[in-house]
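First comes the structure, then the notes that go with it.
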Amino acid sequence: MTGRGLHDRGGRGAYNRAMQNSDVVKIFEELADLLEIQGANPFRVRAYRNAARTIGDLPESLAEVLATAGRRLEDIPGIGKDLSDKIKTIAETGTVPQLEELREQVPRGVVDMLRIPGLGPKKAAALFKELSITSLDMLKAAAESGEVAKLKGFGEKTAKSILEGLAHAQQAGTRMYFADAQELTEPILADLRRLPSVTQAEAAGSYRRRRETVGDLDILVTSNDSAAPMDLVAAHPLVEKVLARGDTKQRVRLKAGIEMDVRVVPDESYGAALQYFTGSKDHNIVIRRRAQERGLKVNEYGVFQGDTAIAGRTEEEVYRAVGLPWIPPELREDRGEIERAEAGTLPKLIELADMRGDLHMHTTATDGAATIAEMIAGAKERGLKYIAITDHSKRVSMANGLDADRLRAHWKAIDKIRGQTTGIEVLCGVECDILEDATLDLPDDVLAEADWVIAVLHYGLKQPREQIMQRLLNAIRNPHVKAIGHLTGRLIGKRPGAEMNRDEVLRAAADHGKMIEINAHPSRLDIDDVGAAAARDLGIPIIIDTDAHSVNGLDVMQYGIWQARRAGLTADDVANTRPWGEFKKLLRK
DNA sequence: GCCGTTTTCGGCCCGACTGTTTTCAGTCG
């Protein structure tokens with residue numbers, strides 16, 4: 001028996017099971033900010049940020065790891081003795097003493113300064129130490145009075161940029177739905193591609209990785225004339241202001257509030273630049289480390305052996321130079337994709353063309369804009385072979401939700417139309433609310449008549465975790481429920497999802513043979529990529545649905561596909577890629 | 001603060017741009 005074994009057992013049981021991974025993420029991020037302002041070792045700061053990110057991506061809860069005999073936090077990459085102890089302290093007390101001490105030394109307002117573009121930890125610290133500025137209001141006053149400009153290392157331009165930054169502080173750091181970013185990016189790319197000097201133009205960054213939200217936009221252009229593309233973007237009607245411009249890089253702010261980098265590289269560097277600017281940062285760090293190990297250097301211009309470029313025209317070349325096959329952008333998050341690439345076990349990711357069914361959509365019977373016949377026609381046009389019409393149950397009164405009688409009449413109408421339709425199977429379904437008291441919104445005898453029941457949370461999302469769990473587990477145990485839709489109920493950037501033990505929910509779904517939905521709507525994308533991967537690992541059939549409320553709403557399927565690709569899903573992992581005859585077997589009671 | 005068949009110390013990815021400098025620190029991605 002080792003001393004460590006005794007220690008590990010000692011604290012167990014005292015842990016607060018309500019600790020969320022996100023609590024630890026927030027504390028580690030704040031510690032990183034505070035330490036950075038204090039001028040701590042940058043690698044120490046990075047250790048906190050890395051740990052925060054790893055924990056944010058973790059498919060299981062730290063509380064559960066702590067409560068499981070034989071599991072150690074230190075087995076998580078990036079978590080050592082010190083951070084492991086801090087997590088235990090957070091589990092027991094909700095905070096760590098170090099955080100409280102640092103908060104006393106560095107006022108909140110100083111941390112807030114980090115959100116202003118152009119202000120980093122060093123300048124924020126100087127403003128605090130030299131001018132005793134502790135709030136954004138004080139900062140504004142000091143910048144206006146000329147005090148800031150007089151400070152060593154600052155000047156007129158810095159003061160001016162701080163005032164501008166303050167005006168945008170609200171917007172800064174806010175992220176945009178991928179779908180909204182698309183409407184800004186694609187027109188600018190199209191215009192760039194029309195320039196005679198431009199050979200290639202592509203969006204890189206989190207946009208190319210198809211993240212749910214995009215913080216800023218990275219445009220990569222190959223051209224023998226760097227001025228022309230930069231001039232085009234600077235004068236583009238979607239652009240508000242040029243923030244910085246050099247020989248190869250220009251940063252602008254769009255009228256929509258988001259910032260865009262435009263980088264111009266020569267053709268022979270295109271692959272290296274695309275790889276480099278697609279990121280993620282963490283993925284690239286590993287790639288560059290691999291290069292170092294091979295005596296190479298990777299930058300945005302190519303892969304170099306000494307001064308000789310040995311690769312760079314294509315991404316494939318760059319990956320090959322570090323001993324890897326090409327990795328799809330959606331996977332580039334350093335979540336194991338590099339190891340899988342090395343082992344030759346990268347998944348063949350699902351594509352839009354694989355989809356054959358859509359099991360979640362609405363009609364004019366509730367809050368949809370199109371009739372049953374119109375939705376069926378729209379689905380056929382999009383090549384779907386089977387769909388489920390799933391209007392709301394009565395609890396969703398705002399959407400004119402259906403009670404038992406209206407639902408039965410609705411099904412009768414669907415049945416009549418499907419009898420006259422060929423080339424597509426149509427299921428009489430329902431999106432049944434899981435009520436606050438953990439019962440379902442429709443009685444079992446009604447649900448038993450449905451071809452397809454997808455159960456969802458809409459109301460009472462702020463209930464305590466225990467009650468949410470009760471609701472989800474009850475729904476999963478109901479024999480008529482086939483799938484759980486938009487699991488957490490989150491609306492990205494607007495409302496967090498319900499608190500739950502996702503591992504436990506997924507295990508129950510696996511045990512009871514239920515499917516889990518990726519809701520493809522750009523504001524939902526729920527279950528998320530990490531959750532979908534966890535569900536896949538448990539053998540749960542995943543479905544990707546549009547939740548369409550109109551015929552055009554069927555087109556959001558692509559966003560769900562991208563989310564699934566980020567989860568590393570193949571067509572086999574997704575149930576509604578199967579032909580109808582195969583899918584039908586999953587519906588057997 | 002983490003990490004390790006070049007281990008328990010000494011590393012930790014790399015470059016562009018800006019503003020304030022007089023050769024570079026800070027910020028950003």
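Residue numbers start from 1 in every chain, and the chains themselves are labelled A, B, ... in the order their sequence lines are given, proteins ahead of strands.
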Please determine whether a side-chain nitrogen or oxygen atom of [X] lies at a distance below 4.0 Å from atom OP1 or OP2 of [N].
X	N	result
A:Y301	B:dA16	yes
A:K297	B:dG15	yes
A:T248	B:dC17	yes
A:N299	B:dC14	no

Using 4.0 Å as the upper bound for N to carboxylate O, is an ion pair formed by [Y] and [X]?
X	Y	result
A:E333	A:R209	yes
A:E202	A:R208	no
A:K140	A:D137	no
A:D261	A:R263	yes

Choosing from [options], which nucleotide comes nearest the side chain of [X]?
X	options	answer
A:N41	B:dG26, B:dG15, B:dG1	B:dG1
A:D261	B:dG29, B:dC2, B:dC14	B:dG29
A:K249	B:dG26, B:dA16, B:dG1	B:dA16
A:T158	B:dG1, B:dG29, B:dG19	B:dG19
A:P121	B:dG29, B:dT27, B:dC17	B:dT27
A:Q292	B:dC28, B:dT18, B:dC12	B:dC12
A:L83	B:dT20, B:dG15, B:dC2	B:dC2
A:R251	B:dG29, B:dG19, B:dC17	B:dG29
A:D218	B:dC2, B:dT20, B:dG29	B:dG29
A:K123	B:dC17, B:dT27, B:dC14	B:dT27

Between [atom2] on [N] and [atom1] on [X], what's the gap in Å once rounded to a whole number?
X	N	atom1	atom2	result
A:R46	B:dG1	CZ	C1'	11 Å
A:R44	B:dC2	CZ	P	10 Å
A:K160	B:dG19	NZ	C1'	13 Å
A:L114	B:dG26	CG	P	14 Å
A:I55	B:dG1	CD1	C1'	13 Å
A:K81	B:dC2	NZ	P	10 Å
A:D247	B:dG15	CG	P	17 Å
A:I219	B:dG29	CD1	P	15 Å

NA contact type, [X], heavy-atom cut-off 4.0 Å: base, sugar-phosphate, or nothing?
X	result
A:L119	sugar-phosphate
A:F154	sugar-phosphate
A:N284	nothing
A:K281	base

Indicate yes or no: at least one non-hydrogen side-chain atom of A:D334 is less than 4.5 angstrom from one of A:R53.
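A:D334 reaches A:R53 side chain to side chain.
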Roughly how far apart, to the nearest Å, are [N] and [M] at atom [atom1]?
N	M	atom1	answer
B:dT21	B:dA25	C1'	9 Å
B:dG19	B:dC12	C1'	29 Å
B:dT20	B:dG26	C1'	11 Å
B:dT6	B:dG11	C1'	12 Å
B:dT22	B:dC28	P	23 Å
B:dG1	B:dT8	C1'	14 Å
B:dA16	B:dC9	C1'	33 Å

Hey, are A:E36 and A:Y48 close enough side-chain-wise for a donor-acceptor pair under 3.5 Å?
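Per modelled atom types, A:Y48 and A:E36 side chains form no pair under 3.5 Å.
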Under 3.5 Å for both donor-acceptor distances, Watson-Crick or wobble: does B:dC3 have a partner, and if so which one?
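Partner of B:dC3: B:dG10.
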Note: for A:S161 and A:Q98 on DNA chain B, the residue whose nearest nucleotide lies more 5' is A:Q98
Closest to the 5' end of DNA chain B, once A:A124 and A:K86 are matched to their nearest nucleotides, is A:K86
With no angle test and no hydrogens, is the base of B:dG29 tied to the side chain of A:D216 by a donor-acceptor pair under 3.5 Å?
no
Please say whether more than 12 non-hydrogen atoms of neighbouring residues, nucleotides or ligands are located less than 6.0 Å from CD in A:E156.
no
Which pair of heavy atoms, one from A:V214 and one from A:D216, lies closest together, and at what distance?
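Scanning both residues, the minimum pair turns out to be CG1-O, 3.1 Å.
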